[in-house]
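Below is one structure, written out as structure tokens; comments come after it.
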Number of protein chains: 2
Amino acid sequence: MKEKRNGISSRVIERLTKYLRCLENLSPEDYISSEELALKMGFTAAQIRKDLSNFGEFGIRGKGYQIRTLYSDIERILGVHKTNNIIVIGAGRLGGALVSEPEFTKESFNIIGVFDNSDTKIGTEMKGIKIRDVKEIPYFLQSKDKVDVAILTVPKKVAQQMATLLVEAGVKSILNFAPINLEVPDHIAVQNIDLYAKLQELNYWKEQVINND
Amino acid sequence: MKEKRNGISSRVIERLTKYLRCLENLSPEDYISSEELALKMGFTAAQIRKDLSNFGEFGIRGKGYQIRTLYSDIERILGVHKTNNIIVIGAGRLGGALVSEPEFTKESFNIIGVFDNSDTKIGTEMKGIKIRDVKEIPYFLQSKDKVDVAILTVPKKVAQQMATLLVEAGVKSILNFAPINLEVPDHIAVQNIDLYAKLQELNYWKEQVINND
DNA sequence: TAGATTGTTAATCGATTAACAATC
DNA sequence: TAGATTGTTAATCGATTAACAATC
């Protein structure tokens with residue numbers, strides 16, 4: 001995946017998700033200025049206005065942004081205003097935690113399939129969803145509703161193999177929890193969540209504090 | 001937490017963790033040039049050399065970097081060469097998944113405590129570690145080995161409260177899985193893992209592919 | 001020594017911020 | 001209308017890349 005497409009950098013998109021997080025705690029009918037929003041989030045007002053201006057005009061001069069409409073405008077920009085179908089590959093503890101997350105399932109993302117390669121798991125249920133054989137993935141993708149995202153929670157050693165299988169079956173975007181850099185064609189969107197890398201980063205910053213603040 | 005300390009940007013630290021990920025799959029005694037490494041990771045050779053030059057000289061001119069020594073040098077830069085003690089706050093499914101991750105426990109991070117606020121969980125064990133009452137956190141931090149990182153896997157609505165408790169008890173760095181922006185003093189290091197935000201980002205990039213590649 | 005590749009300086013590129021005219 | 005705040009242009013800042021002297 002490229003760092004940039006259509007002139008929008010990944011930094012901008014990352015911030016949009018943060019704006020949503022902040023807006024969801026505010027009263028929908030109120031108005032907020034870029035200045036106030038910036039203060040809440042530790043950004044600058046100019047940056048917020050610039051980010052939004054990439055996609056259109058969402059504010060009212062002299063008044064600010066209505067929280068409700070700004071929220072739904074950002075949702076529309078990100079494409080999360082419609083329900084998104086998800087499959088989870090790997091019915092281990094992490095996969096199970098994701099499928100069960102109440103925070104997660106109530107949102108606009110909908111888990112429509114869970115896959116594993118273990119005979120003891122295949123055929124059983126996880127939160128009411130049947131666990132299928134990973135071999136069925138190609139068939140599943142042909143016959144079912146469109147799959148928007150595949151979440152990979154398989155062990156590191158099979159992650160690349162599964163990613164390749166997913167891409168061949170037609171999946172266009174992958175959220176990868178395995179601590180490896182997946183090799184996929186350029187047109188496939190991949191996001192990584194690497195717990196261990198985050199811990200390493202934390203470790204670095206923690207050490208710095210002593211000498212600096 | 002600031003974006004930068006001691007002149008090193010968070011981008012550099014992020015890449016260092018990626019270098020580690022790449023190096024761990026290569027033969028330790030071999031040498032690799034910045035050019036070869038760059039090719040493997042999709043960075044530029046100049047960037048790799050520049051990143052490393054922030055911390056010293058690790059290569060041999062005309063030859064490249066020895067994989068084994070570069071790996072341990074980066075570990076030392078990040079501070080992960082020594083064992084790091086972790087506590088997990090929230091013994092739910094996600095907390096359980098983390099405690100059990102084989103990939104995770106074998107690394108240099110060591111879980112020394114698990115805490116929850118539910119009476120039905122307190123006193124039971126999770127992978128051989130006793131689940132303690134969150135109220136015991138201040139006492140635990142005084143009496144036990146130093147805690148390097150606290151991982152927060154509690155529900156969104158109590159995350160801020162727990163973060164405040166942790167900071168007051170003396171925790172210096174937090175890995176937060178709750179989808180909110182924690183408010184903590186400037187000298188506390190925080191990293192967020194926000195699954196839902198990642199899905200939103202993916203969703204955006206997925207839509208762009210069609211118009212672009 | 002000749003060839004290769006580092007570490008580092010200078011040039012480029014992109015992202016953030018400041019400033020302000022447009023306008024609610 | 002006067003005050004406020006947007007959307008946008010220009011200025012600044014920082015990060016990436018290119019180039020090359022140093023040196024293995």
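As a basis for the values below, the full set of heavy atoms in this structure was taken, side chains included, without hydrogen atoms, waters or symmetry mates. Every value quoted in this text rests on a predicted model; they were computed, and no experiment measured them. In what follows, chains carry the letters A, B, and so on, assigned in the order in which the sequence lines appear, proteins first and then strands, with residues in each chain numbered from 1.
Whole-Å rounding puts the B:R49 CZ to D:dT23 C1' distance at 14 Å. Regarding B:L37, its CG atom lies at a distance of 20 Å from the P atom of C:dA4, rounded to whole Å. As rounded to whole Å, 15 Å separates atom C1' of C:dA18 from atom CD1 of A:I48. Rounded to an integer number of Å, the gap from B:I8 CD1 to D:dA15 P is 10 Å. Look at CG on A:L39: it is 13 Å from P on D:dT5, rounded to the nearest Å. Straight-line distance from the CD atom of B:E35 to the P atom of C:dA4: 13 Å, rounded to whole Å.
A heavy-atom distance below 4.5 Å is not found between the side chains of A:L202 and B:I174.
In this structure, B:Y19 has its ring center at least 6.0 angstrom away from the ring center of B:Y71.
Identified under the ring-ring contact (aromatic ring centres under 6.0 Å, His included) test for residues 140-177 of chain A, with sequence neighbours left out: A:F115-A:F140.
Closest approach of B:A189 to A:W205, counting heavy atoms only: CB-CB, 4.0 Å. Minimum heavy-atom separation, B:A169 to B:L141: CB-CD1, 3.6 Å. Residues A:M126 and A:G92 come closest through the heavy atom pair CE-O, 4.0 Å. Taking all atoms of both residues into account, the shortest heavy-atom contact from B:P179 to A:E24 is O-OE2, 4.3 Å. Residues B:I180 and A:R21 share a closest heavy-atom pair of N-CD, 4.4 Å. Nearest heavy atoms, A:P138 versus A:V134: CD-O, 4.2 Å.
A donor atom on one side chain and an acceptor atom on the other are not found under 3.5 Å apart for B:E183 and B:Q160.
Between A:S34 and D:dT6, a side-chain N or O to OP1/OP2 separation shorter than 4.0 Å is present. In terms of phosphate contacts, B:T44 brings no side-chain nitrogen or oxygen within less than 4.0 Å of OP1 or OP2 of D:dT16.
For DNA chain D, the neighbouring residues in residues 61-70 of chain B, judged by any heavy atom under 4.0 Å, are B:R61, B:G62. Proximity of residues 51-60 of chain B to DNA chain C (heavy atom under 4.0 angstrom from any strand atom) is restricted to B:S53, B:E57, B:F58, B:G59, B:I60.
Ion pair B:K40/B:E35 not flagged as a salt bridge, since none of the NZ, NE, NH1 or NH2 atoms sits closer than 4.0 Å to an Asp/Glu carboxylate oxygen.
Residue B:E136 qualifies as enclosed at atom CD: its count of foreign heavy atoms under 6.0 Å is above 12.
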Please enumerate all protein N or O atoms sitting under 3.5 Å from an N or O of nucleotides 10-13 of chain D, with distances to 0.1 Å.
none

Reading 5' to 3' and counting Watson-Crick or G-U wobble pairs with both distances under 3.5 Å, write the dot-bracket notation for DNA chain C, | for bases paired outside the strand. ..||||||||||||||||||||||
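In terms of the salt bridge (charged side-chain N to carboxylate O under 4.0 Å, His left out) criterion, residue partners of B:R15 (sequence neighbours excluded) are, by chain and number, B:D51.
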